[in-house]
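Below is a structure I'd like to ask you about.
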Amino acid sequence: VSLSNLWYCFVGVFLGCLVGVLPGLGALIAITLLLPITYHLPTTGALIMLAGVYFGADYGGGTCSILLGVPGHAAAAVDVLDGYPMAKQGRGGVALFMKCIASFWGSAVGIVLLMMFAPVVAEYALRFGPAEYCSMMLLGLVAASTVGQGSPIKGVAMMVFGLLLGVVGTDIGSGVQRFTLGLPELSDGVGLIALAMGLFAITEVVKSAGSQRIVTGEQKFTLRDQLPTREDWRRSFGPMLRGSGLGAFFGALPGTSGGMATFLSYAMEKRISKHPEEFGKGAIEGIAGPEACNNAGVGTAFIPTLTLGIPGDAVMALILGALMIQGIQPGPQVLTSHPELFWGLIVSFWIGNIFLVILNIPLIGMWVRLLSIPYPLMYPAIVLFTCIGVYSTSNSVFDLYVLLLFGLLGYLMLLLRFEVVPVLMGLILGPMFEENLRRTMLLSRGDFGVFIERPISAAALAVTAILALWSVKSYLSGQGVRKKSTALDGSDA
């Protein structure tokens with residue numbers, strides 16, 4: 001790793017911590033804001049910086065959860081359950097220290113698994129044809145749109161909307177412009193950066209514009225205040241092992257959010273604990289297990305993204321988009337055509353996590369003071385940097401209109417409880433899905449049976465169908481239980 005890549009790694013983890021500490025601004029917002037910079041960086045440096053932001057934001061997200069009871073992002077919400085009670089008991093420094101150690105352990109497990117299994121998956125994926133890629137991309141799209149908090153039907157609708165946005169632009173096969181509305185600015189398609197920054201950054205600003213942050217008294221921690229006791233270490237070792245294994249498994253699956261995996265880890269630790277009554281009142285296991293789970297999933301999430309070109313969540317979709325901006329087609333060829341990119345990324349992961357330990361333990365006091373920045377100062381700065389970033393990518397005022405449009409659209413989708421992540425996934429995977437579908441139809445001479453005749457493709461389609469049916473069934477059963485409880489409440493009244 002060169003000195004320049006070390007610098008990009010340090011900048012990434014520092015900015016990730018900086019943004020992750022602030023309530024509501026997780027890895028997704030941080031990478032969205034920094035994505036325009038990747039236009040002006042070398043490929044390896046750009047990916048190293050974004051990966052550093054990803055790790056850093058996950059590290060920093062638990063700080064305000066523990067100190068203020070306000071989660072920095074969705075996956076850090078579980079830290080509120082026991083971290084905030086520990087802070088109120090005067091053990092906030094211990095909770096922050098254990099969060100840092102568990103995060104480092106989980107990251108190390110995820111990186112080792114990435115080193116072991118990514119080359120194996122890539123070697124096997126070289127046997128994939130266009131039919132297999134179509135089926136795998138369809139699995140990723142359906143998983144991302146149906147495995148979520150809201151209605152799977154709404155998720156699929158947003159995924160289709162993203163696919164339709166991906167159709168806009170110039171057709172690769174014929175050179176004909178499609179659905180550009182006569183605007184030459186749309187000949188290259190809808191801008192990924194403008195859309196992502198509108199849906200996430202601008203939407204977050206609009207959503208939080210009228211909110212007020214509750215700031216408690218300033219907390220100060222010395223290094224001695226942060227050191228766990230021998231009993232804390234004993235109770236944390238098992239949860240870190242179990243959490244990292246659970247997170248590594250879920251991180252490699254498309255559509256499974258970090259928040260879901262961390263809450264599963266928390267529920268598992270509470271179930272097997274000898275003292276379940278302590279959970280929610282300051283149990284150290286409630287910090288160690290979910291934090292290890294969260295960061296192990298960050299490492300293994302790169303396996304399907306780099307080897308198959310299929311992102312597991314919105315953050316991985318943005319990193320996939322950064323690779324495409326640099327002219328690199330994600331897939332099994334990445335490891336053979338660009339080995340310096342893959343192994344440079346692996347080395348930067350190790351170095352980045354060491355940077356994070358160095359930054360998080362001594363500088364906890366600085367992160368705490370950042371929590372006092374008022375919203376009226378923070379969010380206008382985000383809007384300013386967002387507009388500068390979008391304009392700098394293409395020097396086009398049109399992209400600013402796209403940014404505004406999707407910012408307002410994202411807020412409307414938020415009010416109507418539509419998922420925005422499937423839109424991004426559809427826009428990124430849509431053109432690749434279309435290209436591979438065309439190749440499949442040309443090779444099979446229009447026979448759709450080829451998707452079932454090839455074993456890997458058939459298996460992926462079967463999993464897709466099962467996942468879709470299971471999601472719809474779970475949603476309908478949940479609706480039935482909700483209606484029944486509502487009816488019982490009405491009769492009692």
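The basis for the numbers below is simple: all heavy atoms, side chains too, and nothing from hydrogens, waters or symmetry mates.
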Compare all side-chain heavy atoms of Asn294 with those of Ser103 and state whether any distance is below 4.5 angstrom.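 When only atoms from C-beta onward are counted, Ser103 and Asn294 do not touch, as no gap falls below 4.5 Å.
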
Quick one: are Ile284 and Val94 in side-chain contact, heavy atoms under 4.5 Å?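 Ile284 vs Val94: side chains touch.
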
Does a side-chain N-to-carboxylate-O contact under 4.0 Å join Lys99 and Glu291?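 Between Glu291 and Lys99 there is no salt bridge, as every charged N stays at least 4.0 Å from the carboxylate O atoms.
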
About how many Å separate CD1 of Ile354 and OG of Ser107, when rounded to the nearest 0.5 Å?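 So the OG of Ser107 and the CD1 of Ile354 are separated by 11.5 Å.
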
Rounded distance (nearest 0.5 Å) linking atom CZ of Phe406 with atom CD1 of Ile202: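 That separation rounds to 13.5 Å.
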
How long is the span from the CH2 atom in Trp350 to the CZ atom in Phe355, to the nearest 0.5 Å?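 Spacing of CH2 (Trp350) from CZ (Phe355) equals 15.0 Å.
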
Write down the atom of Pro239, the atom of Glu285, and the distance for their closest heavy-atom approach.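 That would be CG-CG, 3.7 Å.
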
Rounded to the nearest 0.5 Å, how far apart are CG of Leu427 and CG of Leu195?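 The CG atom of Leu195 is 5.5 Å from CG of Leu427, to the nearest 0.5 Å.
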
Can you check whether Ile101 reaches Trp233 side chain to side chain, under 4.5 Å on heavy atoms?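 Ile101 vs Trp233: side chains touch.
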
Over all atoms of both residues, closest heavy-atom pair of Ala292 and Met240: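 For Ala292 versus Met240, the nearest heavy atoms are CB-O, 3.6 Å.
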
Side chain to side chain contact (heavy atoms under 4.5 Å, CB included) partners for Val423, two or more places apart: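 Once residues adjacent in sequence are excluded, the partners of Val423 under the side chain to side chain contact (heavy atoms under 4.5 Å, CB included) criterion are Met158, Phe161, Leu165, Leu199, Met413.
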
Taking all non-hydrogen atoms of both residues into account, name the closest pair between Asn5 and Gly45 and its distance.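 Answer, listing the atom of Asn5 first, then Gly45: OD1-CA, 3.6 Å.
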
How about Tyr8 and Pro42: do any of their side-chain heavy atoms sit closer than 4.5 Å?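 Tyr8 reaches Pro42 side chain to side chain.
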
Please report the shortest heavy-atom distance between Thr464 and Ala460, naming the atom on each side.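 Shortest heavy-atom separation between Thr464 and Ala460 comes out as OG1-O, 2.7 Å.
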
Provide the closest heavy-atom pair for Gly198 versus Thr203 in the form atom of the first, atom of the second, distance.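 Looking at all heavy atoms of both residues, the closest pair is O-OG1, 3.1 Å.
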
Please report the interatomic distance CG(Leu412) to CG(Leu409), rounded to the nearest 0.5 Å.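 Result: 6.5 Å between the selected atoms.
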
Say whether, by atom type as modelled, one donor and one acceptor occur between the side chain of Asn353 and the main chain of Phe349 under 3.5 angstrom.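 It does hold such a pair.
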
Return the CG to OG1 distance between Asn295 and Thr300, rounded to the nearest 0.5 Å.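 OG1 of Thr300 is found 10.5 Å from CG of Asn295.
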
Can you tell me if CD1 on Ile153 sees more than 12 non-hydrogen neighbours from other groups inside 6.0 Å?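 Counting other residues, nucleotides and ligands, CD1 of Ile153 stays at 12 neighbours or fewer.
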
Heavy atoms only: give me the nearest Ala288-Ser236 pair and the separation to one decimal.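 Smallest interatomic distance, heavy atoms only, reads CB-CB, 3.8 Å.
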
